[in-house]
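Working notes for the structure below.
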Number of protein chains: 2
Amino acid sequence: MKELDPLLHSQLRLAVMSILMNVDEADFVYLKEKTESTAGNLSVQLDKLVNAGYITADKGFVGKKTRTVCRITEQGRKAFEEYVEALKGYLGL
Amino acid sequence: MKELDPLLHSQLRLAVMSILMNVDEADFVYLKEKTESTAGNLSVQLDKLVNAGYITADKGFVGKKTRTVCRITEQGRKAFEEYVEALKGYLGL
DNA sequence: AAATACAGTTTATATTATAAACCGATTTAT
DNA sequence: ATAAATCGGTTTATAATATAAACTGTATTT
């Protein structure tokens, strides 16, 4: 039984990574809506993913509003794929 | 994105459930070896699964040694299957 | 009979997740 | 013009969780 990357083994962070695996980029507001999370929780979990090097979060502007755009990194993609492989061992897939 | 049953979304509890899905019964010592967990941690997590009605843990004797035998319940089996389905939504399977 | 080991349980601690409270800027209402 | 609400977040406090260390009782070995 392989280790499950604790950074990915969290509902919210996994949801974020799952979205970013399939969507070239996604902003904070979109991730918040899709994951149905609170802003605070999302902010904290995004930070952890950024710190792990799994995603990037770039703050910019659209008109006068701030906008944080997230993208998955190559490292993040790899970690996600390894996590899926590890999980399969548990789920019998 | 479906909720992930928090009782199953824990590495050790998931490992235990995974084993019990495939093995008519398993005792404490076996689960401890297979999951490479400490006795204390395993004891706590088994309790939670018992309390949730996902497994049974029956204490008996083999000769003079105590032996705790665990089995998955119908409810546990169903919860596990639902968890797998929910996860698939995240993993893209 | 003292020490060691076995099969766990209880309790204390470290980590994690989560939401509440906050912040600065902008827009809306009065 | 200014007070009040809104947007897009961040920081911080708290609740929940996981984990291991310390303990218990019985049995075996020395």
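Chain letters run A, B, ... following the sequence lines, proteins first, then strands; residues in each count from 1.
The residue B:Thr66 sits close only to the backbone: its heavy atoms come under 4.0 Å of sugar-phosphate atoms, none of a base. Nucleic acid contact class of A:Lys32 (heavy atoms, under 4.0 Å, all strands): none.
Not a single donor-acceptor pair under 3.5 Å links the side chain of A:Arg67 to the backbone N or O of A:Val29. At distances below 3.5 Å, at least one donor-acceptor pair connects side-chain atoms of A:Thr73 with backbone N or O atoms of A:Gly53.
One atom, CZ of A:Arg67, and another, C1' of C:dT26, lie 18 Å apart when rounded to the nearest Å. The separation between B:His9 atom NE2 and D:dA16 atom C1' is 15 Å, rounded to whole Å. Summarising the geometry, the separation between CG on A:Asp58 and P on D:dG9 is reported as 12 Å, rounded to the nearest angstrom. Separating the CG atom of B:Asn51 from the P atom of D:dT17 is a distance of 13 Å, rounded to the nearest angstrom. Between A:Leu42 atom CG and D:dT11 atom C1' the separation is 15 Å, expressed in whole Å. Here C:dT10 presents its P atom at 13 Å from CG of B:Leu46, a figure rounded to the nearest Å. One interatomic measurement links the two molecules: CD of B:Glu36 to P of D:dA18, which rounds to 19 Å at whole-angstrom precision. Between B:Leu14 atom CG and D:dA18 atom C1' the separation is 15 Å, expressed in whole Å.
With contacts defined as side-chain heavy-atom distances shorter than 4.5 Å, the pair A:Leu20/A:Ile55 qualifies. Residues A:Ile19 and A:Val16 form no side-chain contact, since every pair of their non-hydrogen atoms from C-beta on lies 4.5 Å or further apart.
Residue A:Arg13 places at least one side-chain N or O under 4.0 Å from the OP1 or OP2 atom of C:dA17. Between A:Ser43 and the phosphate of D:dG9, there is no side-chain N or O to OP1/OP2 separation shorter than 4.0 Å.
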Reading nucleotides 19-30 of chain D from 5' to 3' and marking B where a protein heavy atom lies under 4.0 Å of the base, S where only the sugar-phosphate is that close, and - otherwise, the string is BBB-----SS--
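Closest approach of B:Leu4 to A:Gln11, counting heavy atoms only: N-OE1, 3.3 Å. Considering every non-hydrogen atom in both A:Phe80 and B:Tyr90, the closest pair reads CZ-O, 3.6 Å.
Put simply, the residue from B:Lys78, B:Met17, B:Glu25 that forms a side-chain contact (heavy atoms from CB on, under 4.5 Å) with B:Ile72 is B:Met17.
Terminal axes of the helix from C:dA1-D:dT30 to C:dT30-D:dA1 (five pairs each, C1' rotation axis) are separated by 20°, to the nearest 10°.
When the side chains of ILVMFWY residues are joined at heavy-atom separations under 4.5 Å, either directly or via intervening members, B:Met1 and B:Leu87 end up in a single hydrophobic cluster.
Using the six-membered ring where Trp is involved, A:His9 and B:His9 have ring planes that are parallel, under 30° apart on the 30 and 60° scheme.
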